[in-house]
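Atoms within each ligand, like the ligands themselves, are counted from 1 in listed order. All values derive from a computational prediction rather than experimental measurement.
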Amino acid sequence: MTAHIIDGKSIAKQIRDNLKSKIGINNSAISPTLAVILVGDNEASQIYVRNKKKAADEIGINCQILELSSSIGENALLEVIEQLNTDENIHGIIVQLPLPKHIDALKILSKINPLKDVDGFSPYNAGLLSYNDQKAFISATPKGILELLKSTGTELTGKHAVIIGRSNIVGKPVSMLLLNNDCTVTITHSKTKEIASILRTADIVIAACGQAKLVKSDWIKEGAIIIDVGINREDGKLCGDVDFENVKEKAAYITPVPGGVGPMTIAMLLSNTYEAFCLQKNQKQCCCKDKKCHSH
Ligand code: NDP
């Protein structure tokens with residue numbers, strides 16, 4: 001069996017195009033506006049933020065980047081967030097992670113107004129997700145993963161999903177989201193014993209551990225769906241957490257790296273920003289009321 005490659009790039013483009021047309025027909029004088037807080041000069045963060053801004057600009061979302069010194073104090077950063085919270089022309093706020101070590105990320109994320117928390121990283125939105133409350137802003141990567149799974153047309157109910165990784169930004173929220181979608185979920189991490197034998201029981205594998213090509217073809221069940229979140233660099237080339245070339249011969253569906261989860265993460269962030277804009281403007285055409293809508 002050779003797997004069907006899930007084309008995240010093209011699915012993400014459809015979502016962005018859909019959002020662009022909705023934003024285009026918006027009668028409001030104000031554009032949806034996303035504020036991105038970038039602390040310090042982490043090179044990878046600068047690239048991610050630039051890519052988010054480019055994608056936002058292309059569909060008519062105004063993206064304001066606030067570049068702050070790595071020496072900024074916690075209180076000063078909290079003050080910046082408070083100003084954005086009360087600015088009614090700002091609809092979404094994200095704090096690019098990681099933050100410098102002297103800053104408590106949880107304290108900072110907790111400060112973001114939940115209605116503007118379009119990354120869904122605040123404890124409030126994480127809590128709503130665990131309650132399976134539809135009002136939750138679900139973080140972009142897990143939300144994008146769910147869309148990729150749905151694109152395969154596979155019924156998720158009762159499927160065994162094994163997640164590799166338990167971070168607050170990917171592993172835990174994607175586990176909760178799949179649980180909310182009636183999967184049976186197993187979370188694995190660096191201390192998990194016999195990880196390969198657990199993975200062999202998985203109908204769905206979500207690899208989010210940041211270990212290049214960790215998942216081998218003899219770790220997976222014939223016909224499994226493989227979602228590779230990892231972004232690693234090996235011999236100067238990007239690769240995921242899955243040994244793609246070999247695993248694709250055994251899986252039913254697989255995402256490539258690049259071109260799988262990455263583009264979906266940005267599309268979903270834009271979708272959340274548009275949703276936040278609609279909620280704050282209390283617009284009747286809010287896309288989140290439309291169950292068939294693929295823009296969020
Ligand atoms: P973290 O480093 O925060 O978490 C990694 C997780 O993987 C931890 O829970 C860790 O376990 C677990 N882990 C590490 N090594 C192993 C191993 N050998 N076996 C099993 N589990 C292991 O990473 P993130 O969650 O932030 O990101 C994961 C990957 O996804 C990275 O490559 C990142 O670049 C990528 N990423 C991609 C995005 C995209 O849009 N495509 C978005 C976000 C992240 P423990 O908790 O025990 O330490």
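- Which of Leu199, Ile227, Ile231, Thr255 comes nearest to atom 32 (O) of ligand 1 through a heavy atom is settled by distance: it is Ile231.
- For a threshold of 3.5 Å applied to N or O pairs, the pair formed by Arg166 and ligand 1 contains at least one separation below that value.
- Atom NZ of Lys216 sits in a crowded spot, with more than 12 heavy atoms from other residues, nucleotides or ligands closer than 6.0 Å.
- Under a 4.0 Å N-O distance rule, the pair Lys20/Glu58 does not qualify as a salt bridge.
- Considering only non-hydrogen protein atoms, atom 11 (O) of ligand 1 sits nearest to Ser190 N, 3.2 Å.
- At a 4.0 Å cut-off, at least one heavy atom of Ile195 sits close enough to ligand 1 to count as contact.
- Less than 4.0 angstrom separates some heavy atom of Ile169 from each of these atoms of ligand 1: 26 (O).
- When the options Asp241, Asn232, Leu97, Val170 are ranked by their closest heavy atom to atom 27 (O) of ligand 1, first place goes to Val170.
- Under a 4.0 Å criterion applied to the non-hydrogen atoms of Thr141, ligand 1 contributes the atoms 40 (O), 42 (C).
- Looking at atom 35 (C) of ligand 1, its nearest protein heavy atom turns out to be Val229 O, 3.5 Å.
- When the options Leu129, Leu177, Ile163 are evaluated for a side-chain contact (heavy atoms from CB on, under 4.5 Å) with Pro142, the one that passes is Leu177.
- One option in Gln211, Lys172, Arg233 has a heavy atom closer to atom 16 (C) of ligand 1 than any other, and that option is Gln211.
- Every residue meeting the side chain to side chain contact (heavy atoms under 4.5 Å, CB included) condition with Ala212, not counting sequence neighbours, appears here in chain and number order: Asn232, Glu234, Cys239.
- Each of the atoms 5 (C), 6 (C), 7 (O), 28 (C) of ligand 1 lies under 4.0 Å from some heavy atom of Ala208.
- Between Lys237 and Asp235 there is no salt bridge, since none of the side-chain N atoms of the basic residue sits less than 4.0 Å from a carboxylate O of the acidic one.
- In this structure, the side chain to side chain contact (heavy atoms under 4.5 Å, CB included) partners of Val162, at least two apart in sequence or on a different chain, are His160, Thr186, Thr188, Ile198, Leu199, Ala202.
- Ranked by closest heavy atom to atom 25 (O) of ligand 1, the top entry among Gly144, Ser167, Cys209, Ala44 is Ser167.
- Taking a 6.0 Å sphere around NZ of Lys9, one finds it holds 12 or fewer heavy atoms contributed by other residues, nucleotides or ligands.
- Taking only non-hydrogen atoms, the option from Gly240, Cys239, Ala140, Gly165 nearest to atom 6 (C) of ligand 1 is Gly165.
- Close contacts of ligand 1 with Ile164, meaning ligand atoms under 4.0 Å from a residue heavy atom, involve 20 (C), 21 (N).
- At least one donor-acceptor pair under 3.5 Å links the side chain of Asp241 to the backbone N or O of Gly210.
- Between Glu275 and Lys143, at least one side-chain nitrogen of the basic residue sits less than 4.0 Å from a carboxylate oxygen of the acidic one, meeting the salt-bridge criterion.
- Thr192 does not count as a contact of ligand 1, since none of its heavy atoms falls under 4.0 Å from the ligand.
- Atoms of ligand 1 lying under 4.0 Å from at least one heavy atom of Gly262, given by number and element, are 40 (O), 41 (N).
- Using a 4.5 Å heavy-atom cutoff, the side chains of Gln83 and Glu79 are in contact.
- Proximity to Thr265 (heavy-atom distance under 4.0 Å) selects the following atoms of ligand 1: 39 (C), 40 (O).
- Looking at Ile195, Val229, Ile164, Val215 one by one, the single match for side-chain contact (heavy atoms from CB on, under 4.5 Å) with Cys209 turns out to be Ile164.
- Protein heavy atoms are found inside the 4.0 Å sphere centred on atom 13 (N) of ligand 1.
- Residue contacts with ligand 1 do not include Gly171, since none of its heavy atoms lies under 4.0 Å from the ligand.
- Leu214 CD2, 3.9 Å is the protein heavy atom nearest to atom 19 (N) of ligand 1.
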